[in-house]
Structure formats: structure tokens, C-alpha cells
**Q** 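Sharing a structure, written as C-alpha cells. Questions coming.
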Amino acid sequence: MGFFRFGMRNREKAPVKGSLRLKFTLLFILIMVSAIGLCIFLNLYFLGDYYLSDKKNSLIEEVDKIDQVMGHYGFTGDKKDLDKELDKEMQEILRQCWTKYNISVVIWDSESDILFSSASEIVDLRWRLTQYVFNNGVDVEQIYKNSRYQIAMLNDNHSNSRYMDAYGFLKSGNIFLLSIPVESIRESAAVSNKFFILTGLGVALVSGTYIFFLMKKMTKPVLELSEIASRMAGQDFKVRYQGNSNDEIGILGNSMNHLASELEKTISELKTANEQLQKDIEEKIQIDDMRKEFLSNVSHELKTPIAIIQGYAEGLQDCVNEDEESREFYCEVIMDEASKMNQMVQKLLNLNQLEFGSNACEKLPFDLSEMIRGMIDSTSILLQQKDGSLEYQENAENMQVLGDEFMIEEVLKNYISNACNHLDGERRVIIRAEDSEKDRVRISVFNTGKPIPEEDLDKVWIKFFKVDKARTREYGGSGIGLSIVKAIMEQHGCPFGVYNKTDGVVFWFELDQVGCCSGISGQ
């Protein structure tokens with residue numbers, strides 16, 4: 001993981017190849033250059049036609065406007081019928097034609113007298129009208145024609161000029177000529193293209209520079225999101241995007257934050273599940289080991305008495321000893337070994353019932369002092385046989401306790417029996433009753449003898465565990481008694497344990513006194 005994060009940091013610090021800033025800048029410049037090229041192409045191939053079409057439409061529009069005004073006043077073409085209002089409005093139209101479109105207008109009556117004129121070069125206009133009417137070999141290009149008038153393009157070789165002229169008859173019957181000077185469209189297009197190139201390249205350069213630095217601000221959130229993604233890849237799900245924009249970047253940032261939260265939650269759940277799974281696996285392995293150990297211990301414990309029983313039974317069958325006393329001895333050995341096996345099996349059954357809750361604990365008040373004294377009386381013969389002495393010290397104010405009397409009697413029996421079987425040194429057993437914390441009474445059973453190795457203190461409660469296997473076999477111990485004690489005390493929810501002293505070992509347990517039940521469990 002450390003190597004992965006180191007690689008991530010190096011990648012973040014390295015220059016970004018093909019960055020969005022550069023790509024957007026180049027794309028913008030390309031679009032600008034393409035737009036300029038398109039404008040140049042349109043200027044070269046379409047500007048002339050558009051220019052002439054616009055001029056033609058302007059002439060048609062003005063001719064229609066003049067017809068409309070004359071028709072409004074009912075003008076019939078005779079100069080005598082010309083009133084002041086019509087003259088005033090016509091002069092305004094002619095003025096607009098000149099100022100707005102640079103159109104020269106001349107209108108004649110039937111006597112060839114000029115009715116209206118906005119042109120200073122009337123002679124030239126009259127001459128051009130003659131050329132159109134009689135077609136005297138001038139360079140004329142007709143571009144529009146209807147029933148009353150037409151529009152033509154005239155190249156004036158004398159002045160090297162071109163004109164677009166509309167000439168013919170108005171609806172009033174008057175002759176007219178509207179003329180617009182037409183510039184060289186190719187020259188205009190060339191100038192326009194040159195201007196486009198110079199200004200366009202300048203605008204593209206300035207705009208591209210501006211876009212390049214502007215994109216730094218625009219790509220900053222993207223780089224932040226990239227860093228967040230890299231940290232998330234390194235399993236850092238605490239990182240969050242801090243931007244507050246409402247655009248697509250903000251939406252993506254919120255999505256990344258939601259993704260980080262969900263991943264953090266999911267990874268946490270997976271870790272918890274993995275830890276639980278690991279615990280289950282370890283517990284299963286432990287159970288399998290315990291099962292194997294249990295089978296091994298049971299087999300080992302049964303193997304010796306079965307072998308003894310089998311050997312002595314074969315001896316009886318073969319009549320190895322014919323006298324009555326020998327046969328009785330053989331029978332006693334067989335019965336003794338069978339009794340040991342029966343006791344061990346019975347203890348295993350009791351322990352199984354306790355561990356699986358089949359034998360329920362029934363807590364009732366009883367006198368613990370009376371139980372202890374009864375146990376002392378029944379144990380006195382065993383102590384005499386082992387040249388031991390027993391002392392009982394009662395320092396508790398209240399010996400009325402809550403518990404299952406038969407189960408607690410089993411605990412005391414196992415403690416005292418264990419103490420008697422491990423007597424050594426001064427060969428003393430001391431049973432002590434004293435008040436403990438949390439309204440409990442503590443019963444401890446001490447015997448002089450060898451201490452239990454410290455590393456084995458927690459193991460004495462395990463089934464079939466024996467500190468000294470040879471000595472246990474000597475007094476017929478099965479290694480199950482203390483396991484029964486552990487199961488009983490756990491059902492009572494009361495503490496118990498064992499510890500060494502300089503001259504012996506102490507086993508103890510506690511019970512709730514009548515009137516309270518703390519319910520504390522454990523060792």
C-alpha cells in the first residue's frame with residue numbers, strides 16, 4: 001500500500017500530458033481560424049452575388065415606394081396635377097434614396113421635362129437612359145425585368161465605373177431612372193479578406209491566451225476530483241470535494257462525496273464482517289482442536305482401565321490363580337476400574353448437561369455454613385487416610401446465599417477432593433468463608449503442597465488437563481472435576497478462580513448473599 005501511495009504522489013506532481021487547458025486553447029484557436037477561413041471563402045465566392053442582389057432589392061423597393069406615393073395622391077403624370085404635398089413627400093423620398101442607398105433618381109413627364117431629381121449629373125443619366133432605350137453598343141447586363149421596367153448593369157468605359165440602373169415607366173406613366181454606383185466587388189472582397197486575416201489572427205491569439213489562463217480556473221476542480229479519486233484508490237475515504245458550484249463539476253463532486261461515504265460505510269461493514277468471520281474461523285478451529293483433544297483424552301483415560309479389566313478378566317478365564325483370595329482380588333480390581341470408568345462417564349454427562357444448559361440452575365436461598373460443615377464431616381476419614389488436617393475459618397457475617405444447593409455442593413466436593421489429593425508439606429487443608437465485595441461471600445479452599453506452574457493456572461479448568469499426570473493416575477483423577485466447577489459457576493454468574501501461595505494453592509468461588517444478586521460473572 002505504501003508503494004502504491006508513493007506512486008500516486010509522484011503521478012500527481014508530474015506534468016500533465018495532453019491537459020484540458022492546452023486542448024481547449026488549441027481547439028478554440030482552430031475554431032477561430034476555421035471561422036476566418038470560412039468568411040474568406042464566402043467573400044470570394046458569394047459576397048458578389050449577395051452585394052448585387054442587395055442593390056437590386058433596394059432599387060425595386062424604392063420604385064415600389066414611389067409608385068405607392070404617387071398612387072396615393074392620384075397623380076396621373078401631368079406636371080399640372082403636381083400639388084405641394086406630393087412634391088414635399090417625393091422630395092423626402094428622393095433625399096432618403098440619396099442618403100441611405102446613394103441612389104440617384106430622375107423622373108420625367110411626357111414632355112421630357114424633369115418632374116423630380118436627386119442627381120446633379122442629370123445629363124449623364126439622360127444619356128444612360130438613351131443608351132438603354134436604343135442599345136447603342138454599350139456594355140449592358142440585364143439582371144431584372146418586369147412588364148413596366150427593368151434593371152441592368154452598365155459598365156461606363158469612359159469613367160471606369162459601374163452602375164446598376166432601374167429604368168422604365170411608373171404606374172403614373174412617367175419615365176424614371178434610378179441609378180446606384182457599384183464598386184468593384186472583387187477589390188472589396190480582397191480588402192475584406194485581408195482585414196479578416198489580420199484582425200482574426202490577432203483576435204485568435206489574444207483570445208487563445210485568455211482562454212488558456214481561464215481554463216486554469218475551470219480545470220482546477222477537475223484536478224481536485226482527480227486527486228480525490230487517487231486518494232480513494234488508496235483507501236482514504238475521509239476526503240471530500242469542497243466545491244459549491246451548481247454546474248456539471250459540482251454534480252460530479254457531490255457524486256464523488258456520496259461514493260466516498262458509501263465506500264467508507266461498505267468497507268467498514270466488510271472489515272467488521274471479516275473480523276467476525278476470522279473470529280468464527282478461529283472459534284471453529286478451536287472447537288475442532290478441542291474435539292480432537294477431547295477424543296484423544298477420553299480414549300487415553302479409557303484405554304488404561306479397559307486394558308486392566310481385560311487383563312484381569314483373561315486371568316480369571318485362564319484360571320491363573322485358583323485360590324479364592326486371588327480370584328477375589330482380581331474381581332475387586334475389575335470392579336474398581338469399572339467404577340472409575342463409570343464415574344468418568346457420569347461426570348462427562350453432567351458436564352455436557354451443564355455446558356449445553358440441559359441441567360438448569362435453580363437459585364434458592366440456603367445455609368452455606370451448614371453445607372460446608374457437612375462436607376467437612378464426610379471428608380474427615382479421607383484426610384485421616386492421607387495423614388492430613390482440616391481447618392475451617394468462618395469470618396462472614398451472612399452465610400445465607402442464593403444458588404443451586406446441589407450444584408454448589410458439587411463445587412465444594414471437587415475443591416476439597418482436589419485439595420486432599422494434592423496434599424504435601426505440612427499436609428493441611430484450610431477452608432475459609434469471608435465477606436467479599438458487592439454483598440457476596442467468598443469460599444476458598446487452601447492446601448499445602450506444590451504450586452501450580454503460572455502458565456498452567458488458566459488451563460486447570462480445561463477438560464482432561466492434568467498438571468501432574470502420574471500423580472493424577474495414582475489417586476484416580478479424571479481431569480473433569482474442575483471443568484464441572486467452571487460450568488456451574490458460569491451458570492450462577494458468579495466469579496471463581498485459583499492462585500498460588502508460597503506454601504500451596506488456593507481455589508475459590510463467590511456466591512450472592514440473600515437479599516441481593518449482583519449477577520457479575522467471569523473468572
Side-chain angles (χ1 to χ4, degrees), residues 361-452 454 457-458 460-461 481-523:
C361 173
E362 186 178 2
K363 288 185 177 183
L364 294 172
F366 68 93
D367 189 341
L368 184 57
S369 178
E370 183 180 346
M371 175 186 289
I372 294 174
R373 295 182 188 280
M375 290 289 276
I376 291 174
D377 292 339
S378 63
T379 310
S380 58
I381 299 175
L382 177 62
L383 280 171
Q384 290 176 5
Q385 292 176 354
K386 293 181 177 290
D387 296 328
S389 64
L390 189 147
E391 180 182 349
Y392 175 51
Q393 301 173 359
E394 186 174 311
N395 300 319
E397 295 181 1
N398 182 10
M399 292 296 288
Q400 292 292 319
V401 296
L402 287 173
D404 189 306
E405 187 173 356
F406 295 102
M407 289 185 178
I408 299 303
E409 184 178 6
E410 183 71 20
V411 172
L412 269 173
K413 185 188 298 183
N414 277 289
Y415 274 3
I416 296 174
S417 173
N418 186 73
C420 293
N421 290 327
H422 290 85
L423 278 176
D424 205 349
E426 296 181 3
R427 307 187 72 79
R428 289 188 304 127
V429 175
I430 300 175
I431 303 174
R432 180 180 288 110
E434 56 190 348
D435 290 327
S436 180
E437 296 179 355
K438 300 180 181 179
D439 297 320
R440 284 182 175 146
V441 59
R442 171 177 286 204
I443 305 300
S444 59
V445 179
F446 165 76
N447 68 275
T448 58
K450 294 181 180 180
I452 300 173
E454 291 295 327
L457 281 176
D458 293 334
V460 297
W461 313 103
L482 293 178
S483 299
I484 293 175
V485 170
K486 177 176 181 289
I488 290 174
M489 297 312 301
E490 286 179 347
Q491 279 207 17
H492 278 73
C494 294
F496 61 97
V498 59
Y499 60 89
N500 287 320
K501 296 184 72 175
T502 55
D503 56 346
V505 181
V506 177
F507 283 87
W508 60 272
F509 69 92
E510 293 182 0
L511 288 174
D512 296 310
Q513 293 171 326
V514 174
C516 60
C517 184
S518 61
I520 297 176
S521 64
Q523 297 187 49

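Just so we're clear, the structure is a prediction, and the values are computed from it rather than from any experiment.
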**Q** Given side chains that start at C-beta, do those of Val460 and Ile452 come closer than 4.5 Å, heavy atoms only?
**A**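 Val460 vs Ile452: side chains touch.
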**Q** Looking at residues at least two apart in the chain, or sitting in another chain, which of them share a side chain to side chain contact (heavy atoms under 4.5 Å, CB included) with Glu370?
**A**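 Side chain to side chain contact (heavy atoms under 4.5 Å, CB included) list for Glu370, sorted by chain: Asp367.
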**Q** Treating His492 as the side-chain partner and Leu511 as the backbone partner, does any N or O pair qualify as donor plus acceptor under 3.5 Å?
**A**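 Not at all, since once roles are kept as given, no pair shorter than 3.5 Å links the two residues.
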**Q** Which heavy atom of Gly388 sits nearest to which heavy atom of Leu423, and what is that distance?
**A**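 For Gly388 and Leu423, the tightest heavy-atom pair comes out as CA-CD1, 4.1 Å.
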**Q** Tell me, with the steps shown, if Glu405 and Lys363 meet salt bridge (charged side-chain N to carboxylate O under 4.0 Å, His left out).
**A** CA-CA 8 Å; Glu405 187 173 356; Lys363 288 185 177 183; over 6 Å; no
**Q** Within the structure provided, determine whether Val441 and Glu510 are in side-chain contact (heavy-atom separation under 4.5 Å).
**A**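 No, too far: nothing below the 4.5 Å cut-off.
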**Q** Does the Arg427 side chain pair with the main chain of Ser389, one donor and one acceptor, at a distance under 3.5 Å?
**A**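 Here the side-chain-to-backbone pair does not exist.
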**Q** So do the side chains of Phe509 and Leu412 get within less than 4.5 Å of each other, counting heavy atoms only?
**A**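 Touching, per the 4.5 Å side-chain cut-off.
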**Q** Shortest non-hydrogen contact from Leu482 to Trp461?
**A**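 For Leu482 versus Trp461, the nearest heavy atoms are O-CE3, 3.4 Å.
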**Q** By the salt bridge (Lys or Arg N to Asp or Glu O under 4.0 Å) test, which pairs, at least two apart or in different chains, include something from residues 375-385?
**A**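 Salt bridge (Lys or Arg N to Asp or Glu O under 4.0 Å) check on residues 375-385 returns no pairs.
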**Q** Heavy-atom distance under 4.5 Å between the side chains of Val401 and Phe366, does that happen here?
**A**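 In contact.
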**Q** Is it the case that Thr448 and Glu426 place a side-chain donor and acceptor less than 3.5 Å from each other?
**A**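 Thr448 vs Glu426: no donor-acceptor pair found between side chains.
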**Q** I need the minimum non-hydrogen distance between Arg440 and Pro495, along with the two atoms involved.
**A**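 Taking Arg440 first and Pro495 second, the nearest heavy atoms are NH1-CD, 3.5 Å.
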**Q** Taking side chain to side chain contact (heavy atoms under 4.5 Å, CB included) as the definition, give me every residue that meets it alongside Glu397, ordered by chain and number, with sequence neighbours left out.
**A**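 Here the qualifying residues are Asp435.
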**Q** List the residues meeting side chain to side chain contact (heavy atoms under 4.5 Å, CB included) with Tyr499, not counting sequence neighbours, and say none if there are none.
**A**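 Side chain to side chain contact (heavy atoms under 4.5 Å, CB included) check on Tyr499 returns Lys501, Val506, Trp508.
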**Q** Nearest 0.5 Å, what's the CD1-CD1 distance between Ile372 and Ile431?
**A**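 CD1 of Ile431 is found 6.5 Å from CD1 of Ile372.
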**Q** Using side-chain hydrogen bond (donor to acceptor under 3.5 Å, both in side chains) as the criterion, list what pairs up with Gln384, not counting sequence neighbours.
**A**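 If we apply the side-chain hydrogen bond (donor to acceptor under 3.5 Å, both in side chains) test to Gln384, skipping adjacent residues, there are no hits.
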**Q** For Gly449 and Asp424, which heavy atoms make the closest approach, and how far apart are they?
**A**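 Smallest interatomic distance, heavy atoms only, reads CA-CB, 3.6 Å.
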**Q** Just verifying a value: how many Å separate Asn395 CG and Gln393 CD, rounded to the nearest 0.5 Å?
**A**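 Reported to 0.5 Å precision, the distance equals 6.5 Å.
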**Q** CZ of Arg432 to OG of Ser444: how many Å apart, nearest 0.5 Å?
**A**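 Arg432 CZ to Ser444 OG: 5.0 Å, rounded to 0.5 Å.
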**Q** Output yes when a side-chain donor or acceptor of Asn414 lies under 3.5 Å from a complementary backbone atom of Glu410, and no otherwise.
**A**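 Yes.
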**Q** Could you report the tightest heavy-atom contact between Gln513 and Asn398, atom names first, then the distance?
**A**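 Of all heavy-atom pairs spanning Gln513 and Asn398, the closest is NE2-O, 3.1 Å.
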**Q** Is the count of non-hydrogen atoms from other residues, nucleotides or ligands lying under 6.0 Å from Tyr392 atom OH greater than 12?
**A**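 Result for OH/Tyr392: enclosed.
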**Q** Listed by chain and number, what are the side-chain hydrogen bond (donor to acceptor under 3.5 Å, both in side chains) partners of Gln400, not counting sequence neighbours?
**A**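 For Gln400 there are no side-chain hydrogen bond (donor to acceptor under 3.5 Å, both in side chains) partners, ignoring immediate neighbours.
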**Q** What is the minimum heavy-atom distance between Ser369 and Met399, and which atoms define it?
**A**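 Closest approach of Ser369 to Met399: N-CE, 3.7 Å.
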**Q** Please evaluate residues Glu409 and Lys413 with respect to the criterion salt bridge (charged side-chain N to carboxylate O under 4.0 Å, His left out), reporting the C-alpha separation (whole Å), side-chain torsions for both, the decisive distance (0.1 Å), and the verdict.
**A** CA-CA 6 Å; Glu409 184 178 6; Lys413 185 188 298 183; 5.4 Å; no
**Q** So, the side chain of Asn447 versus the backbone of His422: is there a donor-acceptor pair under 3.5 Å, distance only?
**A**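 Looks like yes, one N/O pair under 3.5 Å.
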**Q** With the side chain counted from C-beta on, respond yes when Leu364 and Leu402 share a heavy-atom pair under 4.5 Å apart, and no when they do not.
**A**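 Not touching, per the 4.5 Å side-chain cut-off.
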